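Some notes on the structure that comes next.
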Amino acid sequence: MSTVEKNITTVREIIAERALKSGRQASDVRLMAVTKQVDDERILDAVKAGIRIIGENYIQEGKRKYDLIGPRVEWHMIGHLQKNKAKYAVQFVDMIHSVDRFDLAKEIDRRAAAADRTMKILIEVNISGEQSKSGVAAEATLELVRRVSSLPALSIQGLMTMPPWSSDPEDARPYFRSLRLLRDRISEEEIPGVEMRELSMGMTDDYPVAVEEGATIVRIGRAIFGSRA
Ligand SMILES: *Cc1c(COP(=O)(O)O)cnc(C)c1O
């Protein structure tokens, strides 16, 4: 068994344990392998070990890996996206987690429509309000969701966030909870065409807490592939 496969088994066990502990099913949580700076061989190990979602931060790097691995996995973009990359994203990306402004949404919509497809997106929320973070402010999220919902080639699936860095994963809990409550509140609005099923939250240091707080997609790099250079 490869190290990557062992790591994936461990992560899956922890996800299952924390899901059950909080009254959820392990199958409610999808595990994304985040592959920035990871070599092809270890990515293929992850796919062999049953990984079905790959998360990439950069379009070019993602496209190169897509050309190697292809559509047997889902390709999710989790990094900050420039508008001029939207035309490449619609060629191979299944879901974009980092939509945080209307002009970006509009450009993805335009490019998706031209490619005759629908793009699944998540709205990235700056739930902590830190100056340095990307993401729409929590108070402005409902309004952004309303505006983006009018774009026909986009399908809003839920919300994504990154809490402030901390050495204690418990520090992230209130932010994860806030994102879930925000998701529930937006869901109650029943905006036509808007699904509020997904909560993309939790990384290597804090995913057990994110699962307890309702994550449906956890984005894991180092716990699967080891630390980055
Ligand atoms: C790198 C990255 C991750 C994975 O981080 P790890 O700490 O390695 O698990 C998750 N989400 C985003 C947006 C990232 O950039």
Side-chain angles (χ1 to χ4, degrees), residues 15-16 18-32 34 52-53 55 74 76-81 93-102 104-105 108-109 118-130 133-151 153-166 169-220:
I15 290 172
R18 298 301 180 106
L20 292 176
K21 185 180 160 195
S22 51
R24 310 175 68 214
Q25 304 284 318
S27 58
D28 295 339
V29 186
R30 293 195 290 160
L31 171 58
M32 169 199 292
V34 175
R52 289 296 167 265
I53 305 179
E74 287 182 32
H76 292 206
M77 271 308 298
I78 60 175
H80 186 75
L81 194 64
V93 171
D94 294 292
M95 193 191 288
I96 300 175
H97 291 224
S98 45
V99 177
D100 61 359
R101 53 201 194 278
F102 187 72
L104 173 62
I108 300 168
D109 175 72
T118 303
M119 179 63 79
K120 292 178 185 168
I121 63 161
L122 304 180
I123 301 296
E124 180 175 357
V125 183
N126 181 357
I127 203 80
S128 65
E130 285 173 291
K133 278 257 156 64
S134 49
V136 61
E139 317 78 69
T141 304
L142 176 58
E143 183 55 29
L144 181 61
V145 169
R146 278 193 202 288
R147 288 184 77 196
V148 172
S149 72
S150 69
L151 299 171
L154 299 187
S155 168
I156 303 177
Q157 306 275 308
L159 305 178
M160 179 271 222
T161 202
M162 297 227 293
W165 189 87
S166 164
E170 280 301 324
D171 290 346
R173 189 182 296 277
Y175 299 108
F176 293 148
R177 188 169 294 168
S178 296
L179 193 74
R180 168 163 51 82
L181 294 174
L182 181 60
R183 191 265 318 258
D184 293 348
R185 209 166 77 219
I186 295 171
S187 190
E188 281 166 14
E189 300 284 322
E190 298 186 357
I191 303 166
V194 174
E195 303 272 354
M196 274 285 142
R197 217 177 288 134
E198 305 285 6
L199 282 177
S200 168
M201 58 190 198
M203 308 173 20
T204 290
D205 293 326
D206 55 19
Y207 74 91
V209 175
V211 169
E212 289 177 2
E213 293 299 331
T216 62
I217 303 177
V218 291
R219 309 182 307 266
I220 312 291

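Computed from a predicted model, the values in this text were never measured in an experiment.
- By the side chain to side chain contact (heavy atoms under 4.5 Å, CB included) test, Ala172 pairs with Pro163, Phe176, Asp206, sequence neighbours left out.
- Contacts of Asp184 classified as side chain to side chain donor-acceptor pair (under 3.5 Å), with partners at least two apart in sequence or in another chain: none.
- Separating the CD1 atom in Ile78 from the CD1 atom in Ile217 is a distance of 10.5 Å, to the nearest 0.5 Å.
- Applying the salt bridge (charged side-chain N to carboxylate O under 4.0 Å, His left out) test to residues at least two apart or on different chains, the pairs with a partner in residues 193-205 are Arg30-Glu198, Glu195-Arg197, Asp205-Arg222.
- Applying the salt bridge (charged side-chain N to carboxylate O under 4.0 Å, His left out) criterion to Arg52, with sequence neighbours excluded, gives no partner residue.
- Considering only residues two or more places apart in sequence or on other chains, Glu188 meets the salt bridge (charged side-chain N to carboxylate O under 4.0 Å, His left out) condition with none of them.
- We find the CE-CG distance between Met160 and Leu199 to be 12.0 Å, quoted to the nearest 0.5 Å.
- Here the side chains of Ile191 and Leu142 are in contact, with some heavy-atom distance below 4.5 Å.
- In this structure Glu190 satisfies the side chain to side chain contact (heavy atoms under 4.5 Å, CB included) test with no other residue, sequence neighbours excluded.
- Considering CG of Leu144 and CD of Glu139, their distance stands at 12.5 Å, rounded to 0.5 Å.
- For the pair Ser98/Glu124, a side-chain contact is recorded, criterion being any heavy-atom separation below 4.5 Å from C-beta on.
- Every residue meeting the side chain to side chain contact (heavy atoms under 4.5 Å, CB included) condition with Ser187, not counting sequence neighbours, appears here in chain and number order: Met196.
- Remark: Arg185 engages no residue in a salt bridge (charged side-chain N to carboxylate O under 4.0 Å, His left out) (not counting sequence neighbours).
- Side-chain contact between Val211 and Arg24 is present, with heavy atoms from C-beta onward closer than 4.5 Å.
- Every residue two or more places apart in sequence or in another chain that forms a side chain to side chain donor-acceptor pair (under 3.5 Å) with Glu130 is listed here: Ser128, Lys133.
- A search for side chain to side chain donor-acceptor pair (under 3.5 Å) contacts involving Gln157 returns Ser155, not counting sequence neighbours.
- Between Met77 and Met119, every side-chain heavy-atom pair lies at or beyond the 4.5 Å cut-off.
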Would Tyr207 and Leu31 count as a side chain to side chain contact (heavy atoms under 4.5 Å, CB included) here? Give the steps.
CA-CA 10 Å; Tyr207 74 91; Leu31 171 58; over 6 Å; no
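- Put simply, the side chain of Leu159 does not reach to within 4.5 Å of the side chain of Leu122, judged on heavy atoms.
- Applying the salt bridge (charged side-chain N to carboxylate O under 4.0 Å, His left out) test to Arg183 and every residue at least two apart in sequence or in another chain returns nothing.
- Applying the side chain to side chain donor-acceptor pair (under 3.5 Å) rule to Thr161 yields no partners; only residues at least two apart in sequence or on another chain are considered.
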